[in-house]
Amino acid sequence: MRRYPCGPRPSTLEVAAAVIETLSSLLSNALLAARDAGEIELDSLPEPHLERPRDPSHGDWSSNVAMQSAKEAGLPPRQIAEIVAKRMIGHPDIAGVEVAGPGFINIRLSAHALQRVLREAREAGSDFGSLDIGAGEKVQVEFVSANPVGPMHVGHGRWAALGDSMARVLEHAGYEVEREFYVNDAGVQMDVFGKSVATRYLELCGRDVEFPEDGYRGQYIVEIAREILAEEGESWADTSAEEREAHFTEKAYAQVLEHLKHVLHGMGVDFDVWFSERTLHEPGPDGGPSEVEEAIASLREAGYIFEHEGATWFRSTPFGDDKDRVLKKSDGEYTYFAADIAYHKDKFDRGFDRVIDIWGADHHGYIKRMEAAVAALGHEGKLTVVIGQLVNLFRAGEVVRMSKRTGEMVTFEELLEDVGVDAARYFFLRRSTDQPLDFDIQLAKEQSSENPVYYVQYAHARICAILRKAAGADTADTSVDIEATVADLISDDTPLHLLETDAELSLMRKLAEFEEVVEVAARQLTPFKLTRYAEDLAATFHQFYTLCRVVDPDAPDMTAARLYAADATRIALSTVLSLVGVSAPERM
RNA sequence: GCCCUCUUAGCUCAGUGGAUAGAGCGUCUGCCUCCGGAGCAGAAGGUCGCAGGUUCGAAUCCUGCAGAGGGCGCCA
């Protein structure tokens, strides 16, 4: 249940916020007037909170001011509520005020107030629900960041959908967003990767070699080796192992990186920056210190570095970490953590006001030290780490088994090919982000009401069919331009006041919630709220459709008004789906 | 052993101090001479893991216990 503090709201918030402002001041004024009239004794005015009641029969908005001030006023809450309520009626936006339960003041908006959202949607178009709570603040979202040593697993796909949708919602809420992929192209896993490919290559050349114990055994390693063989022949079989492995590392790395970009682009996820970990270790301009060295120098300057047993340590415990952490090992190598500190210093040096990292659940225990490092660098509180949980694959209720040891698994690319981009993205965002997700491949492919993505898309397609019908075209005629059709059918003069039945009011109420949904999703970084809302809105529209005949040649005014409402719903559905990254088909 | 997260309807899950705890699926019953039935309506279904505490009020906050998952390297 959301609560809105009373007081001034950013003027850029439109419909819902304007209503909240109106209601808040009505409540405050009613209390003040009651006090001035001597009906209530109050030294301080409570901050009236407005919330949306769970139960629609309790009205559109509800306030608990009466309960809050009961103690001080020395009156029963219900009596205070009665006093306040009677002073609120009469406003054109208010259809009724009731006192209920222990002392709730339940407010019902007038049809007049609700109808405004339809014009709002039409004026805003694809900007419907957009806000300015970000006020242009620069935010970076870093996500996926899979090691470039193999195909993405399904969890990576979920994190891609999550990060991209989060970025879209933040943009819609007025933030300036950059998407970034951190490429872990340094470290031993790259060597192991190159060695694995090189060994497979030698095998393909007919050489008798032993596969490295810790090598990557996936079939894709063989495929990469085969491609290099086809391209470059057998000449690398006779070079030194060092030369060969170095070459194969780079060659295979480039291939995998291209593959990652290709798959992500195919699902509509495009990054602004691909950041290479290696660059952090390279010497600075004019041969100066690397970024890793500079980051450690910064921490040293701030007093958080010490030497112990031949290693260089970061004192992270003052920031709540369990133990201090090694940055430079006694063998002279830097740890992954050292590079990650340099990476985050680089992010903030680039001027982001806020940085969001989406990490896999296995990095859970890493959060505290990273937050500690960011705080030590003087950016406390600007980093938010979101943990993306894994995906359990099912097929018709049966678990799809995967083995990490043998490298056998369903890759994300295979899943995309199987179920399609829309279903994959939609399903990934149906659950709270920090909860493991059960993904049923068969359900995702099913074209029935059991499949929520079809349910929502169907509502959109259905509206488009109605609009085509209203324009006199065949409902299935896809050559009809929806936007132009709508412009012909409705106008600013359309008599929206005709919309006053329960089904129509419910639809308008649901549309008015959209802005709040965007706000909550942006503030809480929870894009899964969008899919819930999309399903709610689709259901509300289907109910409206069932009860309200839209196209009726005998009632042109009512037809126009209902088309207006249907079109506003189309705009909202299309917008919310675009925030999820799912298409809004005009016909299915 | 220590730390984190989770436990809500048969199943999958919403719900971070308010009212009679919700949705989808599944089960059962209805609705097409009518704009897309890929739809709609209704019914059944609950000790919110357990036990205390705080509060006018707790699924929600605190403590303990039980169960599930994850994390605890001079790995990345």
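Values in this document were obtained by computation on a predicted structure and should not be read as measured data. Labels below follow one simple rule: chain letters A, B, ... track the order of the sequence lines, proteins then strands, and each chain is numbered from 1.
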Checklist outcome for this item: Out of B:rG71, B:rA38, B:rA19, minimum distance to the side chain of A:Tyr458 belongs to B:rA38
Checklist entry - For A:His281, which residues count as a side-chain hydrogen bond (donor to acceptor under 3.5 Å, both in side chains) partner, sequence neighbours excluded? => result none
Next on the checklist: Can you tell me if A:Ser432 touches the phosphate of B:rA14, counting only side-chain N or O atoms and a distance under 4.0 Å to OP1 or OP2?
Outcome noted: yes
Checklist entry - Hey, does A:Arg430 reach any base, or is it just sugar-phosphate, or nothing, if we go heavy atoms under 4.0 Å? => result nothing
Item to check | Anti versus syn assignment for B:rC6, with syn defined as within 90° of 0 | outcome: anti
Checklist entry - How would you list, by chain and number, every residue that makes a side-chain hydrogen bond (donor to acceptor under 3.5 Å, both in side chains) with A:Thr312, sequence neighbours excluded? => result A:Glu307
Item to check | Any pair counted as salt bridge (Lys or Arg N to Asp or Glu O under 4.0 Å), so long as it reaches residues 538-559 of chain A, sequence neighbours left out | outcome: none
Checklist entry - So what does A:Asp552 touch, heavy atoms closer than 4.0 Å: a base, only the sugar-phosphate, or nothing? => result nothing
Checklist entry - With respect to the phosphate group of B:rC13, does any side-chain polar atom (N or O) of A:Lys529 fall under 4.0 Å of OP1 or OP2? => result no
Item to check | Among B:rG39, B:rA19, B:rG36, the nucleotide that comes nearest once only the side chain of A:His542 is considered | outcome: B:rG39
Checklist outcome for this item: Tightest non-hydrogen contact, residues A:Asp434 and A:Ser432, listed as OD1-OG, 2.8 Å
Checklist entry - Of the candidate nucleotides B:rG71, B:rC34, B:rA19, which contains the atom at the shortest distance from the side chain of A:Phe104? => result B:rA19
Checklist entry - For RNA chain B, whose closest nucleotide is more 5', that of A:Asn106 or that of A:Tyr366? => result A:Asn106
Next on the checklist: Quick check for you: among B:rA14, B:rC74, B:rG39, whose closest atom lies nearest to any side-chain atom of A:Arg532?
Outcome noted: B:rA14
Checklist entry - Can you find an N or O donor on one side and an acceptor on the other, under 3.5 Å apart, linking the side chain of A:Asp185 with the base of B:rA76? => result no
Next on the checklist: Main chain of A:Met508, side chain of A:Glu513: is a donor-acceptor contact present, judged purely on distance under 3.5 Å?
Outcome noted: no
Next on the checklist: Please evaluate residues A:Met190 and A:Val149 with respect to the criterion side-chain contact (heavy atoms from CB on, under 4.5 Å), reporting the C-alpha separation (whole Å), side-chain torsions for both, the decisive distance (0.1 Å), and the verdict.
Outcome noted: CA-CA 7 Å; A:Met190 291 301 286; A:Val149 296; 3.8 Å; yes
Protein N or O to nucleotides 41-46 of chain B N or O, pairs below 3.5 Å:
from: B:rA41; atom 1: OP1; to: A:Gln543; atom 2: NE2; distance (Å): 3.0

Checklist entry - Where the side chain of A:Tyr336 is defined as all heavy atoms beyond and including C-beta, which of B:rA76, B:rU12, B:rA14 is the nearest nucleotide? => result B:rA76
Next on the checklist: Tell me whether A:Glu516 is salt-bridged to A:Arg509, with the criterion being a basic N under 4.0 Å from an acidic carboxylate O.
Outcome noted: no
Next on the checklist: Can you list everything that forms a side-chain hydrogen bond (donor to acceptor under 3.5 Å, both in side chains) with A:Asn106? Sequence neighbours excluded, please.
Outcome noted: A:Ser62
Checklist outcome for this item: Whole-Å distance, A:Phe428 CZ to B:rC13 C1', equals 17 Å
Checklist entry - Relative to the ring of A:His308, is the ring of A:Phe306 parallel (under 30°), tilted (30 to 60°) or perpendicular (over 60°)? => result tilted
Checklist entry - Mind checking whether A:Glu586 and A:Arg468 have side chains closer than 4.5 Å, heavy atoms only? => result yes
Item to check | From B:rG73, B:rA38, B:rG18, nucleotide with atom closest to A:Met588 side chain | outcome: B:rA38
Next on the checklist: Rounding to an integer number of Å, can you tell me how far A:Phe528 CZ sits from B:rA23 P?
Outcome noted: 17 Å
Checklist entry - Could you give the CD-to-P distance, from A:Gln524 to B:rU16, as a whole number of Å? => result 7 Å
Next on the checklist: Regarding A:Glu277, tell me which of base, sugar-phosphate or nothing describes its non-hydrogen contacts under 4.0 Å with the strands shown.
Outcome noted: nothing
Checklist entry - From the list B:rG18, B:rC74, B:rU12, which nucleotide is the closest neighbour of the side chain of A:Arg431? => result B:rU12
Checklist entry - Is there aromatic stacking of A:Tyr545 against B:rG39, centre distance under 5.5 Å, plane angle under 30°? => result no
Next on the checklist: Please give me every residue in residues 305-315 of chain A whose heavy atoms get under 4.0 Å of an atom in RNA chain B, ordered by residue number.
Outcome noted: A:His308, A:Glu309, A:Ala311, A:Trp313
Item to check | Audit row: A:Phe181, A:Trp274, ring pair (Phe, Tyr, Trp, His ring centres under 6.0 Å) steps and yes/no | outcome: CA-CA 5 Å; A:Phe181 188 117; A:Trp274 292 74; 4.4 Å; yes
Next on the checklist: So A:Arg587 and A:Cys464, do their side chains get closer than 4.5 Å, heavy atoms only?
Outcome noted: no
Checklist entry - Picking from B:rC35, B:rC75, B:rG73, which would you name as closest to the side chain of A:Lys323? => result B:rG73
Next on the checklist: What I want to check is whether an N or O donor and acceptor connect the side chain of A:Ser330 with the base of B:rC74 at under 3.5 Å.
Outcome noted: yes
Next on the checklist: Parallel, tilted or perpendicular, judged at 30° and 60°: which one describes the rings of A:Phe314 and A:Tyr304?
Outcome noted: perpendicular
Checklist entry - Do any N or O atoms from the side chain of A:Glu293 and from the backbone of A:Ser290 form a donor-acceptor pair under 3.5 angstrom? => result yes
Item to check | Integer-rounded Å distance: B:rG36 C1' and A:Leu573 CG | outcome: 15 Å
Could you go over nucleotides 3-9 of chain B and give all protein N or O partners under 3.5 Å, atom names and distances?
from: B:rC4; atom 1: O2'; to: A:His364; atom 2: NE2; distance (Å): 2.7

Checklist outcome for this item: note: A:Phe427, atom CZ; B:rC13, atom P; distance rounded to Å ~ 13 Å
Checklist entry - Residues two or more places apart in sequence or in another chain: which of them pass side-chain hydrogen bond (donor to acceptor under 3.5 Å, both in side chains) with A:Arg369? => result none
Checklist entry - Any idea which of B:rC35, B:rA76, B:rG39 is nearest the A:Ile466 side chain? => result B:rC35
Measure all distances between protein nitrogen or oxygen atoms and nitrogen or oxygen atoms of nucleotides 26-30 of chain B, and list the pairs falling under 3.5 Å.
from: B:rG26; atom 1: OP1; to: A:Glu450; atom 2: OE2; distance (Å): 3.0

Checklist outcome for this item: Per the 3.5 Å Watson-Crick/G-U criterion and a run length of at least three, the stems involving RNA chain B are B:1-7 with B:66-72, B:10-13 with B:22-25, B:27-31 with B:39-43, B:49-53 with B:61-65
Checklist outcome for this item: Value for CE (A:Met588) from CD (A:Gln457), rounded to nearest 0.5 Å, stands at 5.0 Å
Checklist entry - Quick one: A:Arg549 CZ to B:rU33 C1', roughly how many Å, whole number? => result 13 Å
Item to check | Residue whose closest nucleotide on RNA chain B lies nearer the 5' end, A:Asp438 versus A:Thr546 | outcome: A:Asp438
Checklist entry - Looking at residues at least two apart in the chain, or sitting in another chain, which of them share a salt bridge (Lys or Arg N to Asp or Glu O under 4.0 Å) with A:Asp321? => result A:Arg325
Checklist entry - Can you say whether the rings of A:Phe193 and A:Tyr216 are parallel (under 30°), tilted (30 to 60°) or perpendicular (over 60°)? => result tilted
Next on the checklist: By nearest atom, which of the nucleotides B:rU16, B:rG36, B:rG73 is closest to the A:Arg468 side chain?
Outcome noted: B:rG36
Just distance, no hydrogens or angles: give the donor-acceptor pairs under 3.5 Å from side chains in residues 539-548 of chain A, sequence neighbours left out.
from: A:Thr540; atom 1: OG1; to: A:Asp536; atom 2: O; distance (Å): 2.8
from: A:His542; atom 1: ND1; to: A:Arg462; atom 2: NH1; distance (Å): 2.8
from: A:Thr546; atom 1: OG1; to: A:His542; atom 2: O; distance (Å): 2.7

Item to check | A:Tyr455 side-chain N/O to B:rC40 phosphate OP1/OP2 under 4.0 Å | outcome: yes
